[in-house]
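Quick one: the structure is below, questions incoming.
Note that these values count all heavy atoms, side chains included, but never hydrogens, waters or copies made by symmetry. Since the model is a prediction, treat every value here as computed from it, not as a measurement.
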Amino acid sequence: EVQLQASGGGLVEAGGSLRLSCATSGLSFDRYAIGWVRRAPGKEREGVSSISSIEFGSSGGRTYYRDSVKGRFTISRDNAKKTVYLQMNSLKPEDTAVYYCAAGQFGRSEYAPTDIYEYDYWGQGTLVTVSS
């Protein structure tokens with residue numbers, strides 16, 4: 001059974017930082033690109049960031065960030081721990097949302113998904129609340 005376990009959310013003041021973790025099990029981690037998607041209150045889901053797989057000898061270095069988080073968020077993967085992290089700095093109230101991690105297999109490396117509908121598996125969310 002594939003499981004994606006997101007954690008690390010919480011309440012933080014504007015300007016603060018959080019690190020989200022997505023621990024995976026039941027899948028061939030190397031073959032999957034992993035992403036973070038969020039849903040803010042009253043809004044549609046939106047892709048936040050993603051990181052490519054490491055299959056075919058790739059280093060897994062291709063990343064995607066939506067414009068509003070560029071320069072503030074950093075995604076990374078620890079292949080030994082089968083975990084993906086999202087370091088979020090300089091948080092803003094508009095970052096308040098439930099953050100979900102998701103996994104997709106695309107048969108190619110160096111591809112970081114940008115469309116939330118590309119993912120095969122989803123985890124439960126973790127709530128991030130940024131106070132002003």
Quiz item: Ignoring hydrogens and geometry, is there a side-chain-to-backbone donor-acceptor pair from Thr96 to Thr129 under 3.5 Å?
Solution: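 The answer is no, because no donor-acceptor pair under 3.5 Å joins these two groups.
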Quiz item: Is it true that atom OH of Tyr64 has more than 12 heavy atoms of other residues, nucleotides or ligands lying nearer than 6.0 Å?
Solution: yes
Exercise. Could you tell me whether the side chain of Phe73 reaches within less than 4.5 Å of the side chain of Leu91, counting heavy atoms only?
Key: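 The answer is yes, as the side chains (C-beta and beyond) meet within the 4.5 Å cut-off.
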Quiz item: So, do Tyr111 and Ser53 sit near enough that their side-chain heavy atoms are less than 4.5 Å apart?
Solution: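 No, their side chains stay 4.5 Å or more apart.
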Self-check item: OG on Ser68 to CD on Glu46, rounded to 0.5 Å
Solution: 6.0 Å
Quiz item: Between Gly123 and Tyr100, what is the shortest heavy-atom contact and its length?
Solution: O-CD2, 3.5 Å
Exercise. Enter the distance from Ile54:CD1 to Glu110:CD here, rounded to the nearest 0.5 Å.
Key: 11.0 Å
Self-check item: Salt bridge Asp95-Lys92, side-chain N to carboxylate O under 4.0 Å
Solution: no
Quiz item: So, Arg31 side chain and Arg108 main chain: donor-acceptor pair closer than 3.5 Å or not?
Solution: no
Quiz prompt | Side-chain donor-acceptor contact under 3.5 Å, Ser17 with Asn89 | solution =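 Indeed, the side chains of Ser17 and Asn89 share at least one donor-acceptor pair under 3.5 Å.
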Quiz item: Can you tell me how far the CG atom of Leu127 sits from the CZ atom of Arg38, to the nearest 0.5 Å?
Solution: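 Nearest 0.5 Å value for the CG-CZ distance: 12.5 Å.
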Quiz item: Any chance the side chains of Tyr121 and Gln105 put a donor and an acceptor closer than 3.5 Å?
Solution: no
Quiz item: Once you round to the nearest 0.5 Å, how far does CD of Gln3 lie from SG of Cys22?
Solution: 11.0 Å
Exercise. Please answer whether the main-chain N or O of Gly47 pairs with a side-chain N or O of Arg66 as donor and acceptor at a distance below 3.5 Å.
Key: yes
Self-check item: pair Tyr65-Ser49: side-chain heavy atoms closer than 4.5 Å
Solution: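 Yes, side chains in contact.
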Exercise. Give a yes or no on whether Val84 and Val98 share a hydrophobic cluster (residues Ile, Leu, Val, Met, Phe, Trp, Tyr; joining criterion: side-chain heavy atoms under 4.5 Å apart).
Key: no
Exercise. Report whether Val48 and Met88 are members of the same hydrophobic cluster (ILVMFWY, side-chain heavy atoms less than 4.5 Å apart, transitive linking).
Key: yes
Quiz item: Do Ile116 and Ile34 share a hydrophobic cluster (ILVMFWY, side-chain heavy atoms under 4.5 Å, transitive)?
Solution: no
Quiz item: Can any side-chain N or O of Thr24 pair as donor or acceptor with the backbone N or O of Lys82 at less than 3.5 Å?
Solution: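 Yes: the side chain of Thr24 pairs with the backbone of Lys82.
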Quiz item: Would a 4.5 Å heavy-atom cut-off, applied to side chains only, mark Leu4 and Gln124 as touching?
Solution: no
Quiz item: Shared ILVMFWY cluster between Trp122 and Phe106, side chains joined below 4.5 angstrom?
Solution: no
Practice problem: Check the hydrophobic clustering (I, L, V, M, F, W, Y; side-chain heavy atoms under 4.5 Å; chains of links allowed) and say if Tyr85 and Val69 are grouped together. | Solution: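 Unlinked, Tyr85 and Val69 end up in two clusters.
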Quiz item: Would you call Leu86 and Thr74 a side-chain contact if the rule is heavy atoms closer than 4.5 Å?
Solution: no
Exercise. Could you tell me whether a side-chain N or O of Thr126 sits under 3.5 Å from a main-chain N or O of Gly9, the two making a donor and an acceptor?
Key: yes
Quiz item: Does NZ or CZ of Arg39 fall inside the cone over Tyr99's six-membered ring, less than 6.0 Å from its centre and within 45° of the axis?
Solution: no
Quiz item: Under the 3.5 angstrom rule, does the side chain of Thr63 hit a backbone N or O of Ile51 as a donor-acceptor pair?
Solution: no
Quiz item: Do Ser50 and Trp36 touch side chain to side chain, with heavy atoms closer than 4.5 Å?
Solution: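 Answer no - side chains too far apart.
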Practice problem: Please answer whether the main-chain N or O of Phe29 pairs with a side-chain N or O of Arg77 as donor and acceptor at a distance below 3.5 Å. | Solution: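 Yes, because the side chain of Arg77 sits within donor-acceptor range (under 3.5 Å) of the backbone of Phe29.
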